[in-house]
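Only heavy atoms go into these numbers, but all of them, side chains included; no hydrogens, no water, no symmetry mates. By convention in this document, chain letters (A, B, ...) are assigned in the order of the sequence lines, proteins followed by strands, and residues within each chain are numbered from 1. What you are looking at is a predicted structure, and each value in this text was computed from that prediction instead of being measured.
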Amino acid sequence: DQQVKQNSPSLSVQEGRISILNCDYTNSMFDYFLWYKKYPAEGPTFLISISSIKDKNEDGRFTVFLNKSAKHLSLHIVPSQPGDSAVYFCAASRTRSGGGADGLTFGKGTHLIIQP
Amino acid sequence: DAGITQSPRHKVTETGTPVTLRCHQTENHRYMYWYRQDPGHGLRLIHYSYGVKDTDKGEVSDGYSVSRSKTEDFLLTLESATSSQTSVYFCAISGGQTVLTFGAGSRLTVL
């Protein structure tokens, strides 16, 4: 059963407009959420994250919103630029009582295409 | 790049042969991970390590084994490769925070 879902395999947006990428999760134990960006033939790179105690986190052109009651998060990119064309992965983790880091659970990714 | 090196970057092998992928880090991080990426599946955790000789299984561990004899090296072994293990494999490291830093990937093709 998929615990992190990205239901849009691809998204096309005009340069300069807002890109909105969506992610849903089912595991209520998740308490930290991340977005990764991936270019072809490269590894994923960390973009932005949010803790479950917050509902918004902003970093330059990137903002992540978290709606815990709906188990939904979104990544907003404003304005969209050609270099933003990539695959974006939503990921989630939960804090272990004993500490440690047993990895992230990823969605399937959304391919964002920025059109000139 | 953060100090993660994966080798080999590309490999073509035949069904039934053993394959070992290596992940080397220079960050002295405690946690290391192996993921595989496949179309329609995103990134799925195979195995991870939380210290030297301390490893655990992830979501898709069947057919894979790992070893970590030194902090800096995490090896992923396919004892007898199958075509279903054709994939891109990513190593990741973490110092204990939630953010993982990924390597550039190893593309494995099993014929």
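Here B/Arg22 pairs with B/Asp73 in a salt bridge; the nearest charged N to carboxylate O distance falls below 4.0 Å. Note on B/Lys57 versus B/Asp62: no salt bridge recorded, every NZ/NE/NH1/NH2 to OD/OE distance being 4.0 Å or above.
We find the OH-CG distance between B/Tyr48 and B/Asp54 to be 10.5 Å, quoted to the nearest 0.5 Å. Rounding to the nearest 0.5 angstrom, the gap separating the CH2 atom in B/Trp34 from the OG atom in B/Ser106 is 5.0 Å. Rounding to the nearest 0.5 Å gives a distance of 7.5 Å between OH of A/Tyr88 and OG of A/Ser19. For the atom pair CD (A/Gln6) and CG (A/Leu75), the distance works out to 9.5 Å, reported to the nearest 0.5 Å. Between the CZ atom in B/Arg68 and the NZ atom in B/Lys53 there is a gap of 12.5 Å [rounded to 0.5 Å]. Atom-to-atom distance recorded for A/Leu66:CG and A/Lys71:NZ is 11.0 Å, nearest 0.5 angstrom.
Applying the salt bridge (charged side-chain N to carboxylate O under 4.0 Å, His left out) definition to pairs two or more places apart or across chains, none involves residues 8-17 of chain B.
Side chains of B/Leu111 and B/Val12 form a contact here, defined as non-hydrogen atoms less than 4.5 Å apart. Annotation: side chain of B/Phe74 is in contact with side chain of B/Thr55 (closest heavy-atom distance under 4.5 Å). Residues B/Leu78 and B/Leu108 are in side-chain contact: their nearest non-hydrogen atoms beyond the backbone lie under 4.5 Å apart.
With a threshold of 4.5 angstrom between heavy atoms, B/Gln6 does not approach chain A through any atom at all. Only the side chain of B/Leu45 comes within contact range of chain A, with heavy atoms under 4.5 Å apart.
If you look at A/His76 and A/Phe65, their ring centroids are closer than 6.0 Å.
When the candidates A/Pro44, A/Ala91, A/Gly43 are compared by the number of heavy-atom contacts under 4.5 Å with chain B, A/Pro44 comes out ahead. Your options are B/Gly105, B/Gly40, B/Gly103, and the one with the most heavy-atom pairs under 4.5 Å with chain A is B/Gly40.
Not one N or O on the side chain of B/Tyr64 forms a donor-acceptor pair closer than 3.5 Å with the backbone of B/Val60.
Using a 30° and 60° split on the angle between ring planes, A/Phe106 and B/Phe102 fall in the perpendicular class, above 60°.
The interface of residues 107-116 of chain A with chain B, defined by heavy-atom distances below 4.5 Å, comprises A/Gly107, A/Lys108. Contacts from residues 21-39 of chain A to chain B, taken as heavy-atom pairs separated by less than 4.5 Å, involve A/Tyr32, A/Leu34, A/Tyr36, A/Lys38 in sequence order. Contacts with chain B (heavy atom to heavy atom, under 4.5 Å) involve these residues of residues 46-56 of chain A, listed by number: A/Phe46.
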